[in-house]
Amino acid sequence: MTNSPIVDDLVRASAVMGDMIDRIAGDQWTAATPCTEWSVRDVVSHLVGVNLAFVAMFEEGPMPDLTADCLGADPAGAYRRSTAALLVAAVLPRALERSSSSWVGVASGAVRLQWRIADLIVHGWDLAQPTGVAATWPDDLVEQALAFARAQLPDQSRAGRFADPQPIRDDAPALDRLAAFTGRPVPWTP
């Protein structure tokens, strides 16, 4: 545990995602996902790339080339290495308080980590659909991510980030409601 609840939550969410990625079978990496333009490998590449971008923001260093292959022959290892780097960068002095600008706007490090956690959970849902790899997301993280996304998205454009919310029952599991809120059809079919 760290001295920051948001970093502790990131540790928990990152561990669940790492366990999921470890269980993706070799023949599943090219499968289609609910992210219409992305395969399973592309989703994991996005996760690694965003981790590396967050490291650059927190360290105030140059942004990585997000178009480059950041997975190589070991996607699970690339994810774990990028997660470890992010966790180190997130506890740097003032990393959570300092605001930075990116293509999605200006936000503090703490707000960016809330988005990071929501992104991990949503993309965990995306990966579970084609692979059948189930994840046990902590209920409190899913509920927090859903509340955070609902609070943030009315104030921000969804363009290039999320599709419009999809219909879903109010009593559906929070993970499915989060997926639907971020534009995924629930249930998803390839």
With side chains defined as the heavy atoms from C-beta onward, is the minimum distance between S4 and L96 less than 4.5 Å?
yes
Is there a side-chain contact between Q114 and Q144 in this structure, where contact means two heavy atoms from C-beta onward sitting under 4.5 Å apart?
no
Is the backbone of G77 close enough, under 3.5 Å, to the side chain of R81 for a donor and an acceptor to pair up by distance?
yes
What distance separates W125 CH2 from L127 CG, expressed to the nearest 0.5 Å?
11.0 Å
Over all atoms of both residues, closest heavy-atom pair of A76 and D22:
CB-OD1, 3.4 Å
How about CD on E37, more than 12 heavy atoms from neighbouring residues, nucleotides or ligands closer than 6.0 Å, or not?
no
Side-chain donor-acceptor pair under 3.5 Å between W188 and D126, yes or no?
no
Gap between atom CG of D164 and atom CG of L153 - 0.5 Å precision:
10.5 Å
Heavy-atom closest contact (L120 atom, S14 atom, distance):
CD1-OG, 3.7 Å
Please determine if D74 and R80 form a salt bridge, counting it only when a charged side-chain N lies under 4.0 Å from a carboxylate O.
no
Taking all non-hydrogen atoms of both residues into account, name the closest pair between T33 and P130 and its distance.
CG2-CG, 4.1 Å
Atom pair NE2/CZ of H46 and R41 - distance to nearest 0.5 Å:
15.5 Å
Rounded to the nearest 0.5 Å, what's the gap from CZ on F58 to CG on L92? Could you check?
9.0 Å
side-chain contact (heavy atoms from CB on, under 4.5 Å) between I121 and L178, worked out:
CA-CA 9 Å; I121 295 169; L178 177 61; 3.7 Å; yes
Enter the distance from L47:CG to D42:CG here, rounded to the nearest 0.5 Å.
11.0 Å
If you measure from CG on L10 to CE on M17, what distance do you get to the nearest 0.5 Å?
11.5 Å
Using a strict cut-off of less than 4.0 Å between a Lys/Arg side-chain nitrogen and an Asp/Glu carboxylate oxygen, indicate whether D140 and R12 qualify as a salt bridge.
yes
Flag yes if more than 12 heavy atoms outside D170 fall under 6.0 Å of its CG atom; otherwise flag no.
no
Looking at every heavy atom in both A78 and C70, which two are closest together, and how far apart are they?
CB-O, 3.4 Å
Using distance alone, with no hydrogens and no angle criterion, decide if T83 and N51 have a side-chain donor and acceptor under 3.5 Å apart.
yes
Measuring only between side-chain heavy atoms, which start at C-beta, is F148 closer than 4.5 Å to V111?
yes
Yes or no on side-chain contact (heavy atoms from CB on, under 4.5 Å) for S45 and W38, after CA distance, side-chain angles and deciding distance?
CA-CA 10 Å; S45 181; W38 289 350; over 6 Å; no
Salt bridge check, E143 against R177: does any charged N sit closer than 4.0 Å to a carboxylate O?
yes
Are side-chain heavy atoms of L86 and R116 found at a separation under 4.5 Å?
yes
In short, A89 meets A95 closest at the heavy-atom pair O-CB, 3.5 Å
How close do A179 and V186 get, heavy atom to heavy atom, and via which atoms?
CB-CG2, 4.0 Å
Is it possible for you to say whether V91 and F54 belong to one hydrophobic cluster, with membership spreading through side-chain heavy-atom contacts below 4.5 Å?
yes
Side-chain touch P187/Q129, heavy atoms, less than 4.5 angstrom:
no
Does Y79 offer a backbone N or O that forms a donor-acceptor pair with the side chain of S82 under 3.5 Å?
yes
Can you list the steps and then say if M20 with I24 is a side-chain contact (heavy atoms from CB on, under 4.5 Å)?
CA-CA 7 Å; M20 280 189 83; I24 295 172; 5.8 Å; no
Going by heavy atoms in the side chains, are Q166 and F181 under 4.5 Å from each other?
no
Could you check if a side-chain atom of L71 sits within less than 4.5 angstrom of a side-chain atom of V44, using non-hydrogen atoms only?
yes
Could you see if L52 belongs to whatever hydrophobic cluster contains M63? Use Ile, Leu, Val, Met, Phe, Trp, Tyr and a side-chain cutoff under 4.5 Å.
yes
Check: Q28 side chain, T131 main-chain N or O, donor-acceptor pair, under 3.5 Å:
yes
Test item: P75 and W29 side chains (from C-beta on) under 4.5 Å apart, heavy atoms:
yes
